[in-house]
Amino acid sequence: MPGLLLVVSAPSGAGKTSICRETLRAFPELRFSVSSTTRPPRPGEVDGKDYFFLSPEEFRERIGRGEFIEWVENYGQLYGTAKNTMDAFLAQGHDLILDIEPRGAKAIREVYPRAVFILILPPSLDELKSRLAKRGESAAVMERRLRTALDEIRAALWYDYVVFNDRLDEAVDRFRAVYLAEKCRRGRHDERIAAFLS
Ligand code: 5GP
C-alpha cells in the first residue's frame with residue numbers, strides 16, 4: 001500500500017508548524033517531506049531536517065536536471081519539492097506531510113490526485129491580525145503580511161479540509177482526525193477487503 005500524502009498550507013501566523021510537529025510526534029509512520037530552499041536558515045533550523053538549504057546556483061541546476069516535482073519563487077527565495085525523496089518514502093509505505101504553499105499544492109495535485117489537502121487557519125481575522133502584530137513589525141509591514149495572508153487563503157479555497165487553530169491541542173486533534181479518517185477510506189483497503197472475500 002503506497003503512503004498517504006497530506007499537503008498542508010497556512011497563512012503565516014496560523015500555527016501550522018506546531019500542528020505538524022505534534023502530529024509527527026504521535027505517528028511514527030508519518031514523515032515530513034523536507035523541501036529545498038535558497039533562503040538562509042533561521043536560528044535553530046537544521047539542514048536536511050527543516051530544509052535542504054541550497055545556493056541559488058545549486059537550486060537552478062537541480063531545476064535544470066528536472067529534480068523537482070514543483071518549485072516556486074516565494075518572497076524572492078526559491079522553494080521546491082524533490083521527486084526522488086518523496087517517491088522513495090511513499091513506496092516504502094510511509095505517509096508524508098508536505099508543508100507547501102497553494103501554488104505548489106496545485107502542482108502536486110496534478111501528479112498525485114489522491115493527495116489530501118489541508119488548510120490551517122487562525123480562528124478569525126482579528127486573531128490573525130493580533131498574531132501578526134505580536135511580531136512587532138511596522139504598520140506597513142503588518143498590512144503587507146495581512147494582504148499576503150488573505151491572498152494565500154483565497155488561493156487555497158479548493159482544499160479538502162480546513163483546520164481552525166484556536167487552541168493548539170484541539171487543532172492537533174482535528175488534524176489527526178483528518179489523517180486517521182483518510183487512512184480509513186475504503187478505496188485504500190480494497191485489496192485487504194478482497195482478501196476476506198476470496
Ligand atoms: P518559510 O520560509 O517560512 O519556511 O516558508 C515560506 C513558505 O514557503 C510557506 O508557505 C511554506 O509552506 C512554503 N514552502 C516550503 N517549502 C515549499 C516547497 O517545497 N514548495 C512550495 N511550493 N512551497 C514551499
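Order of listing sets the numbers, starting from 1, for every ligand and every atom in it.
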Show every donor-acceptor pair shorter than 3.5 Å between a side-chain atom in residues 1-12 and any protein atom, with sequence neighbours excluded, or say none if there are none.
| from | atom 1 | to | atom 2 | distance (Å) |
| --- | --- | --- | --- | --- |
| Ser9 | OG | Ile100 | O | 2.5 |
| Ser9 | OG | Tyr159 | OH | 2.7 |

Residue by residue, ordered by chain and number, which ones reach under 4.0 Å of ligand 1 with a heavy atom?
Lys16, Ser35, Arg39, Arg42, Tyr51, Glu70, Val72, Asn74, Tyr79, Gly80, Thr81, Asp99, Ile100, Glu101, Gly104
Of the non-hydrogen atoms in Glu73 and Arg60, which two are nearest, and what is the gap between them?
OE1-NH2, 4.5 Å
Please collect all ring-ring contact (aromatic ring centres under 6.0 Å, His included) contacts where either partner lies in residues 178-198, sequence neighbours excluded, each pair once.
Phe27-Tyr179
Any donor-acceptor N or O pair under 3.5 Å, side chains Asp87, Tyr112:
yes
Using ring-ring contact (aromatic ring centres under 6.0 Å, His included) as the criterion, list what pairs up with Phe52, not counting sequence neighbours.
none
Salt-bridge present (Asp166, Arg174; N to O < 4.0 Å)
yes
